[in-house]
Amino acid sequence: MSKVTEVSHPLILHKLAYIRNKETGAKDFRQLVEEVSMLMAYEVTRDLPMEEVDVQTPICTTKCKMLAGKKMAIVPILRAGLGMVDGMLSLIPAAKVGHIGLYRDEETLQPVEYFCKLPQDIAEREVIVVDPMLATGGSSADAITLLKKRGAKNIRLVCLIAAPEGIKCVTDKHPDVDVYVASIDEKLNENGYIVPGLGDAGDRLFGTK
Ligand code: URA
């Protein structure tokens, strides 16, 4: 069963309020998404395996805990996921970065991959998929399916804002994937936007319309 974590830390909620505000311009929006992603990285790495090492301080030798060296990969879903990469990398600098771009064929409704470049040892890595908005959940679920076909075994999904519908879609299809979100919002509207949400994350990040 997936674990769904809503990371309602005061710093995250404060920054999210600015991110949601329609008066926040692209420069600040980008910066704030990066900062919240960094804070989310702290939470999503909470259970990484550790090992004990001997460290010589200026005073004596002591036992310390360090990361056991689990290899990580950050995989943004294009294009809005790109906005979360630098924030994640600032806390997990040794992670490799893969990219997935896909769309739904309007006739077959099947996901069509238009770009997929992943670390070649993806099967051995702890994979963190990032996408700021978990709306219907369709593209995140499809991206995770694609990652599994390419061999990924340990996958987590990190989003800024999720609709309950999106969480259900991903966790029903991928019960082995834990989901981390800064906020679970109310619902999706008839146009597929999250309410209250923040609008179109990609457009706001990149200043497009
Ligand atoms: N994608 C977005 O960028 N915003 C939404 O509200 C839903 C999907």
Side-chain angles (χ1 to χ4, degrees), residues 2 4-8 12-41 44 74-88 99-106 109-116 128-147 155-174 177 179-209:
S2 303
V4 178
T5 306
E6 191 176 12
V7 189
S8 43
I12 291 182
L13 295 181
H14 180 80
K15 290 173 193 295
L16 207 51
Y18 281 109
I19 289 175
R20 288 183 190 277
N21 190 330
K22 69 180 173 117
E23 303 302 334
T24 300
K27 176 173 171 287
D28 290 339
F29 187 90
R30 216 176 286 136
Q31 173 74 35
L32 288 157
V33 168
E34 185 175 328
E35 288 170 9
V36 172
S37 304
M38 183 185 72
L39 295 166
M40 297 290 288
V44 74
I74 297 163
V75 179
I77 302 177
L78 302 177
R79 96 191 132 130
L82 291 173
M84 298 180 68
V85 173
D86 285 350
M88 287 270 159
H99 295 87
I100 292 183
L102 34 77
Y103 65 90
R104 281 257 164 144
D105 183 297
E106 280 176 14
L109 296 182
Q110 289 305 306
V112 181
E113 158 197 333
Y114 65 86
F115 190 83
C116 183
I128 304 178
V129 177
V130 292
D131 194 1
M133 307 301 277
L134 185 59
T136 61
S139 51
S140 294
D142 292 343
I144 292 167
T145 302
L146 182 59
L147 277 161
I155 304 174
R156 303 162 191 221
L157 173 66
V158 180
C159 306
L160 298 190
I161 298 181
E165 296 88 331
I167 292 179
K168 180 167 182 347
C169 170
V170 170
T171 56
D172 281 356
K173 286 194 183 137
H174 299 290
V177 172
V179 180
Y180 296 78
V181 296
S183 171
I184 301 174
D185 276 13
E186 207 183 308
K187 59 176 182 184
L188 285 182
N189 71 13
E190 56 288 0
N191 299 316
Y193 281 95
I194 299 176
V195 181
L198 51 71
D200 187 301
D203 281 348
R204 295 198 61 192
L205 275 167
F206 299 112
T208 49
K209 256 275 163 293

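As a basis for the values below, the full set of heavy atoms in this structure was taken, side chains included, without hydrogen atoms, waters or symmetry mates. Counting convention: from 1, in listed order, for ligands and their atoms alike.
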Just to be sure I'm reading this right: ignoring hydrogens, which of [options] gets closest to [atom]? Compare them by their nearest heavy atoms.
atom                   : options                : answer
atom 8 (C) of ligand 1 : A163, A135, G166       : A135
atom 2 (C) of ligand 1 : R204, R79, M133        : M133
atom 5 (C) of ligand 1 : G197, G202, G199, A201 : G199

Hey, is R20 close enough to D185 for a salt bridge, meaning N to O under 4.0 Å?
yes

Salt-bridge test for R79 and D203: reply yes if a basic N is under 4.0 Å from a carboxylate O, no otherwise.
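A salt bridge is present here (some side-chain N lies under 4.0 Å from a carboxylate O).
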
Are L198 and M133 packed together at the side-chain level, in the sense that at least one heavy-atom pair is separated by less than 4.5 angstrom?
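With C-beta onward as the side chain, the pair touches.
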
Exam field: side chain H99 to backbone L78, donor-acceptor pair closer than 3.5 Å:
no

Identify the protein heavy atom lying closest to atom 6 (O) of ligand 1, giving its residue, its atom name and the separation to 0.1 Å.
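The closest one turns out to be I194 N, 2.8 Å.
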
So, S140 and H174: side-chain donor and acceptor under 3.5 Å apart, yes or no?
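No, because no side-chain N or O of S140 sits under 3.5 Å from a partner of the opposite role on H174.
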
Closer than 4.0 Å to some heavy atom of G192 - which atoms of ligand 1 meet that?
7 (C)

